[in-house]
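Values below: all heavy atoms of this structure, side chains included; hydrogens, waters and symmetry mates excluded. The structure displayed is predicted, hence computed values, not measured ones. Here is how names work: the chains are called A, B, and so on, in the same order as the sequence lines, proteins then strands, and each is numbered from 1.
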Amino acid sequence: MAHLAWPSPGIRAQHSARREWERDVREIGYRFETTSGAGDVARSFAHLATGEESGVTVATAGRLMLSRPQGRIAFAELRDWTGGIQLFALAALTPDFEEFCRLSLGDWIGVTGEVVRTRRGELSVKVASWELLAQARRGFGDKWHGVSDPDIRYRQRELDLWANDGVRDIFLLRSKVIASIRRRLGAAGFVEVETPVLHPIPGGAAARPFVTHYNALHTDVYLRIATELYLKRCVVGGIERVFEIGRTFRNEGLSPRHNPEFTMLELYQAYGDYTDMMQIFEDIVAGTAEELLGTTVIPYQGRDIDLTPPWRRATLVELIAEHAGVEVDLSMGKEHLQRVASSLGVPFEPWYGPGKLMLEIYEKTTEAELWGPVFVCDYPQEVSPLARAHRSKPGYVERFEPIVAGRELGNAFSELTDPDDQRARFEEQERERALGDDEAMVVDRDYLRALELGLPPTGGLGLGIDRLVMLYADVANIKEVLLFPALRPEDNLSEARSTASGEPET
RNA sequence: GCGCCUCUAGCUCAAUUUGGCAGAGCAACGGACUCUUAAUCCGCAGGUUCCGGGUUCAAGUCCCGGGGGGCGCACCA
């Protein structure tokens with residue numbers, strides 16, 4: 001829907017009376033000490049029989065989500081992040097009973113009282129005292145339907161978190177996923193580090209960066225598009241098992257699967273190669289599923305995904321043959337692969353080499369068909385400037401992408417360790433940039449100097465945390481796993497309107 | 001960036017095949033009610049139908065332009 005005008009007439013009219021009430025009648029507490037969460041109370045007294053009074057007094061706080069005043073008696077539902085519990089108020093027992101009945105949905109209150117189960121069987125706190133902690137001057141949407149408008153849900157996530165069941169659970173799950181990965185990697189001897197977000201030149205991936213300006217140095221800097229090069233410099237420095245979970249930024253369009261800032265795990269292991277990385281992928285993805293969801297077979301968008309290791313391993317060439325029905329190989333040469341691409345309706349630029357052509361064919365015909373999980377192995381060197389040449393297949397590198405539900409979940413390779421080879425690859429990238437590839441890499445001399453100190457054989461991987469959480473949470477849109485996804489700013493709307501209506505821009 | 005869909009009260013949704021007084025439920029506001037479970041009942045109020053033009057006696061509805069969002073394509077993880 002359209003953006004939300006504020007303050008809207010409805011809001012003003014609805015709440016002027018309540019502002020009076022708050023100012024004149026009710027103090028807002030500074031502090032409230034709870035003995036337990038609302039949901040914790042519900043769980044620990046679940047055994048109470050109908051009509052039974054526990055004799056135990058608790059103090060708990062949260063938002064009022066339902067209110068059913070009924071004359072000399074009132075029921076309400078208090079909810080906090082542990083769950084919910086019914087409140088049971090009596091005119092004869094509850095202080096300021098009339099005001100308690102006037103509370104609005106969404107108001108925060110703290111209550112103390114005995115835990116009882118009502119005659120109708122609902123576990124409740126019998127309110128012996130209560131305190132207003134904050135007023136909700138805006139509504140929380142329909143109490144049955146919540147708020148379904150995605151624009152409101154994403155722009156006002158704080159409202160969405162209360163109004164729609166399950167939203168908060170996704171973010172609690174996300175937190176647990178990241179905690180679980182940290183724990184697993186820590187147990188495997190990996191050290192977590194933090195490398196710069198502001199890069200003098202963007203590197204480690206093929207992507208367009210965001211540019212910003214560093215005043216003190218009178219120079220432009222780039223928001224990182226990957227953590228890769230700094231992390232491998234850590235390995236050169238002797239941090240043999242290193243990882244970072246951090247935000248990376250890519251200056252590209254929004255989609256249900258892309259946000260310009262996203263969270264990536266990158267990990268590097270000295271003395272390892274890409275086969276070690278496959279094992280780590282399986283351990284993280286299946287292990288975390290087992291730990292948090294209780295199973296390695298998870299439902300996703302109406303189908304099951306079996307994450308149980310070991311995952312299928314197949315080469316890019318094999319999978320293209322399976323799904324596109326064509327035999328391809330780098331040895332066929334550029335012209336032949338162009339003809340194959342044309343016959344499949346795959347568009348390409350004239351400067352694409354055989355490797356880029358092969359990758360395009362894969363991405364247009366095969367990738368989305370792979371339900372997986374499957375490790376797609378052995379990419380053309382041409383499209384993998386940081387990966388080490390395959391030990392037995394000329395023209396290819398030791399690289400794989402794990403594909404689940406038709407999507408790349410990450411990327412991994414046996415790292416290129418030879419500084420001369422790396423320099424040549426960077427220079428090749430610069431030639432491609434000159435030909436029109438604005439995502440091609442540029443020569444990173446700091447990185448080359450590091451390689452000249454000696455990088456041992458190293459396996460590395462990247463894993464998109466947002467996409468992993470999407471799988472676990474069974475959601476199709478990345479915005480569902482980002483608390484505050486990128487949206488067009490509302491502030492631009494009035495400006496856009498005046499521009500559209502013919503007023504000159506300033 | 002391109003294509004398709006969509007936008008009506010604070011929220012969820014109605015409004016007859018190009019058109020004929022813009023409605024309901026919930027929330028809010030006033031009242032009744034001593035065991036409710038989306039409580040119920042009575043009353044009251046609530047609108048720039050996303051914005052700007054146009055066609056028409058008459059536009060939420062039809063046409064043009066713009067904006068937000070969703071989905072798809074493209075690019076990427």
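- Checked against B/rG30, B/rC11, B/rA38, the side chain of A/Asp142 finds its nearest nucleotide in B/rC11.
- In this structure, A/Ser124 reaches neither bases nor backbone, as no heavy-atom distance under 4.0 Å exists between it and the strands shown.
- Nucleic acid contact class of A/Asn259 (heavy atoms, under 4.0 Å, all strands): base.
- Using a 4.0 Å heavy-atom distance criterion, A/Gly410 is classed as a sugar-phosphate-only contact.
- Looking at heavy-atom distances under 4.0 Å, A/Glu122 makes contact with a base.
- The side-chain tip of A/Arg79 does not point at the ring of A/Trp162 from less than 6.0 angstrom away and within 45° of straight on.
- Residue A/Leu468 is classed as having no contact, given no heavy-atom separation below 4.0 Å to the nucleic acid.
- Within the 4.5 Å cutoff, no side-chain heavy atoms of A/Trp311 are placed close to those of A/Ile403.
- We find that CG of A/Leu159 is positioned 13 Å from C1' of B/rU12, with the value rounded to whole Å.
- Nucleic acid contact class of A/Gln86 (heavy atoms, under 4.0 Å, all strands): base.
- Here A/Phe262 lies parallel enough and close enough to stack on the base of B/rA77, with planes under 30° and ring centres under 5.5 Å apart.
- Nucleotides B/rC71 and B/rA28, compared at atom P, are 32 Å apart to the nearest Å.
- As a whole-Å value, the separation of A/Glu77 CD from B/rC35 C1' is 16 Å.
- Proximity of A/Met358 to A/Leu316: side-chain heavy atoms (C-beta onward) are separated by under 4.5 Å at one or more points.
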